[in-house]
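Here is the naming used below: chain letters follow the sequence lines, and residue numbers restart at 1 for every chain.
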Protein chains: 2
Amino acid sequence: MAAKDPVIITEKGEMRNWSRKIRSQGKTVGLVPTMGYLHQGHLSLIQEAHKHSQLIVVSIYVNPGQFSPSEDLSTYPSDFHGDILKLKSVLGGVDAVFCPKNLYDYSNNSKQKNKNENENCASDGGGWVVSCVEEKGSGHETWVRIERLEKGLCGKSRPVFFRGVATIVTKLFNIVEPDVAVFGKKDYQQWRIIQRMVRDLDFAIEIVGSEVIRDSDGLALSSRNVHLSPEEREKALSISRSLVSAKSAAEEGQVKCGELKDLAVKTITQAGGRIDYAEIVEQESLEAVEEIKSPVVFCIAAWFGKQHQSMGGNGI
Amino acid sequence: MAAKDPVIITEKGEMRNWSRKIRSQGKTVGLVPTMGYLHQGHLSLIQEAHKHSQLIVVSIYVNPGQFSPSEDLSTYPSDFHGDILKLKSVLGGVDAVFCPKNLYDYSNNSKQKNKNENENCASDGGGWVVSCVEEKGSGHETWVRIERLEKGLCGKSRPVFFRGVATIVTKLFNIVEPDVAVFGKKDYQQWRIIQRMVRDLDFAIEIVGSEVIRDSDGLALSSRNVHLSPEEREKALSISRSLVSAKSAAEEGQVKCGELKDLAVKTITQAGGRIDYAEIVEQESLEAVEEIKSPVVFCIAAWFGKQHQSMGGNGI
C-alpha cells in the first residue's frame, strides 16, 4: 500500500474541526494516543485501530501532567521526524497526527505563542516537552481520578501518574472526539483505568485493548527501552521469562499466587532487578487474588539500572 | 406562544441519539441541568438558554453523587408532573426533558430494570431518587476534581459536593453533547467550577452564567426554600439585606472586607441565622480578598431552622 502523508495538526480547534468534518460525513474516527518515540508496539495499535474505525488520528504528546517532579519528563525520548516516517510506512497509514505544543496552557495568547509550534513540534531532544503542570493561580487544576484502580500497582510508586493519564485522555477525547480509542495491554492498569473512566463518565467512545508486542528476545516494546544498556536489557528479560514460567506453572495446576509470585521475584532479583511490584490480580478490579479461580493477570514492574520496566498484560 | 410538549427521554443512548440527530441538522443544543422541583429561577435559565441555542434540553436528575450520607438526599423535594407543566408553559418551550433513573448503574440489566422508569420518573415523593453512590466492587469510582476551587466556601462544609457536581455535569455533557449549558449564578461557586472544568478538560461547550432570580421579598429562589417555615423565611431575608447593605457600603467607599463581612455576619446572626461562611472573594479564583480593588463577589451561606441558605452571586 502506498505511503500516506498524514495531516499534521497542532491546534485544538483545528483538530476538533477536522474530526467533526470526518464524522459529519458518516465516517468513524479512531484515536491512538502516544507520547511519541514510536516503535512497533505503537504501530500495532494503529493496525488494531484500522479494524475498528475508518480514519486514524495518532496523538503525539509527552504529557507533563503524568510525571511527578522526580520523574523522567526531561529525558523522555523524542524523535518527531522519525515518528512521522514510521507513521507514513504503517500499513493502512494514518490520516492525522495531533501534536499540540502545550495542552495545559490556557492563556489568551497561547495561539500567538504556538505560532511556530510546527517547528517546535518537529524538533528533537525535548523541544516540545513542556515543564510540569503549574497548579496555582489560574493554572490547570482539574483532575480525573479513578479512585480505587489508580492506587495499586504502578500507582503505589507513581502517585500522580494515573490522574495525569486519565486527565490527558479526557482532554484528548474532548478535542479529537473519536469513536474508538486504542490502548496497549502492555500498560495493563492504564487500559483498565481508561475503560472504567469511559464507563463511569459516559464517554461515547469504544476502548480497544491491543495485545503486547515483544521484541524477538521477549522484551516488551517500550520507548524507554532505549535507556537500557545491552547488559541491562539482557537482565530485564528475566521479567518476561518469569511471566512465561508462571503461566506454565499455573497451567500445570499451581493456583497459589504466593508461590507463583515468589518464584518470579526470585528470578528477577537474581538477575539484578529491583522489584517495584509483582502482583497477580483480578483482570477488571485489579484486586490481588490469593488463589487462581478465574482469569487473572500477573503484573510485574522492576528497575534495571536506572530504568523502570513494567510488564503486565500476561493473562493467565 | 403555544405550549410545546417536550419529548421525555430516560435512556442515555436515546438522549445522545436525539442530540446527535439535531446537531447533524446544523442546529445547536442547549442544556439546562436541574434537580427538578422547578421554580422561576430554573425557568429563567431556560430563557437564557434560548438566547444561545436553538433547541433546549432540561435534565431532571437528583444526583446522589453530590450528597454525603448525612445530607438531605432523601428529603430533596420532587414534583415531576408539576415540573413538566412548568416546562410546557415556559416562553419558547423546551424540546426534550432528560430524566434518567440512575446514572451510576452500569449493570448489564439496567435497561431491563429501567423498563418502567417513565412511571418511576413521574412519581412524586422520591420515587426516582436513588441511594447514595456505591463506591466498591465494580461500582462507580471516577470523580472529576477541581482541586482548589472545590475546597473553599460550600466545599468546606460539603466535602464531596463539588466532586459530585463536576462528575455528574461531565456525565451529562457526554450524554447530551450540548453546544451550550446554562448555570445559575445563585450557585456562584458551582458556576465558576464548571467554567474551570470545561476549560481544563477541553469540553467544546460554552458555559453561560445566568443572573440570580429573587422572590418579591428578596429571597433568592431555591427548591429547598420549601423547607422554610414562614418565620424562618422572614429571618433568611437577612442574607439578601446584608448583601444589599454591603454593596451600598462598598459603593460608598468601604473597601475593607473585614468590616463588610463583620456587618453582614452580625445582621444575619442577630436574625437567628447560623453562619456557614461569609467570604468576599475574587470572582474567578474565589480566593479571599482583604481589600476591594477589582470586582469581587460576596458569598454567604447560613442555616435558618434546619435549612441551609446559600447566597453568592452578588458581585460588588
Side-chain angles (χ1 to χ4, degrees), chain A residues 12-13 15-17 19-20 23-26 65 100 103-107 133 135-151 160 162-163 166-177 192-205 282 284-287, chain B residues 12-13 15-17 19-20 23-26 65 100 103-107 133 135-151 160 162-163 166-177 192-205 282 284-287:
Chain A
K12 294 174 184 181
M15 183 66 249
R16 190 180 285 119
N17 288 344
S19 183
R20 286 190 173 186
R23 297 179 76 199
S24 74
Q25 295 162 0
L103 287 179
Y104 298 93
D105 180 5
Y106 309 103
S107 58
V133 180
E135 287 183 71
K136 57 189 183 195
S138 60
H140 183 97
E141 61 165 301
T142 305
W143 299 100
V144 180
R145 311 292 301 261
I146 295 84
E147 294 197 346
R148 281 180 303 116
L149 288 178
E150 74 177 20
K151 285 195 173 67
V160 305
F162 287 115
R163 71 165 209 178
T167 302
I168 201 69
V169 170
T170 294
K171 287 165 72 73
L172 288 169
F173 283 177
N174 284 340
I175 294 166
V176 179
E177 298 183 346
R192 289 301 192 185
I193 279 178
I194 298 299
Q195 269 189 328
R196 180 62 64 98
M197 177 187 87
V198 162
R199 185 201 73 168
D200 286 359
L201 297 184
D202 292 304
F203 279 102
I205 299 170
E282 198 277 323
E284 287 206 17
S285 70
L286 305 185
E287 278 166 17
Chain B
K12 293 174 185 181
M15 183 69 250
R16 189 181 285 120
N17 289 343
S19 182
R20 287 190 172 187
R23 296 179 76 198
S24 74
Q25 295 162 1
L103 287 179
Y104 298 92
D105 181 4
Y106 309 103
S107 57
V133 180
E135 287 182 72
K136 56 188 185 196
S138 61
H140 182 97
E141 62 165 299
T142 305
W143 300 99
V144 180
R145 310 292 301 261
I146 295 85
E147 293 196 347
R148 283 179 302 117
L149 288 178
E150 73 177 21
K151 285 195 172 66
V160 304
F162 287 115
R163 69 164 210 178
T167 303
I168 200 70
V169 170
T170 294
K171 287 165 72 73
L172 288 170
F173 284 177
N174 284 340
I175 295 166
V176 178
E177 298 183 347
R192 290 300 193 186
I193 279 177
I194 298 300
Q195 270 189 328
R196 180 62 64 99
M197 176 186 88
V198 161
R199 186 201 73 168
D200 286 359
L201 297 184
D202 291 305
F203 279 103
I205 298 170
E282 198 277 324
E284 285 205 19
S285 70
L286 305 185
E287 278 166 16

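The candidate from B:Arg196, B:Glu287, B:Met197, B:Glu284 with the greatest count of non-hydrogen atom pairs under 4.5 Å with chain A is B:Arg196. For the set A:Arg199, A:Glu177, A:Arg145, the count of heavy-atom pairs under 4.5 angstrom toward chain B peaks at A:Arg199. Contact tally against chain B (heavy-atom pairs below 4.5 Å) for A:Leu172, A:Ile168, A:Ile175: the top residue is A:Ile175.
Atom NZ of B:Lys171 is separated from atom CZ of A:Phe203 by 11.0 Å, given to the nearest 0.5 angstrom. Rounding to the nearest 0.5 Å places OG1 of B:Thr142 at 9.0 Å from CD of A:Glu150. Atom CZ in A:Arg23 sits 12.0 Å away from atom OG in B:Ser24 (nearest 0.5 Å).
Contact of A:Ile193 with chain B is not made at all, since no heavy-atom distance falls under 4.5 Å. In this structure, chain B has a heavy atom under 4.5 Å from the side chain of A:Arg16, while its backbone stays farther away. In this structure, chain B has heavy atoms under 4.5 Å from both the backbone and the side chain of A:Thr170.
A distance-only check finds a donor-acceptor pair linking the side chain of A:Asp200 to the backbone of B:Glu141 [under 3.5 Å].
Residue B:Asn174 comes nearest to A:Asn174 through the heavy atom pair OD1-OD1, 4.3 Å, listed as atom of the first residue, atom of the second, then distance. In terms of heavy atoms, A:Ala204 sits closest to B:Arg20 at CB-NH2, 3.6 Å.
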Show, in sequence, the C-alpha distance, side-chain angles and deciding distance for B:Val144 and A:Leu201, and conclude whether the side chain to side chain contact (heavy atoms under 4.5 Å, CB included) test is met. CA-CA 9 Å; B:Val144 180; A:Leu201 297 184; 4.3 Å; yes

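Salt-bridge check for B:Arg163 with A:Glu147: passed, with a basic side-chain N closer than 4.0 Å to an acidic carboxylate O.
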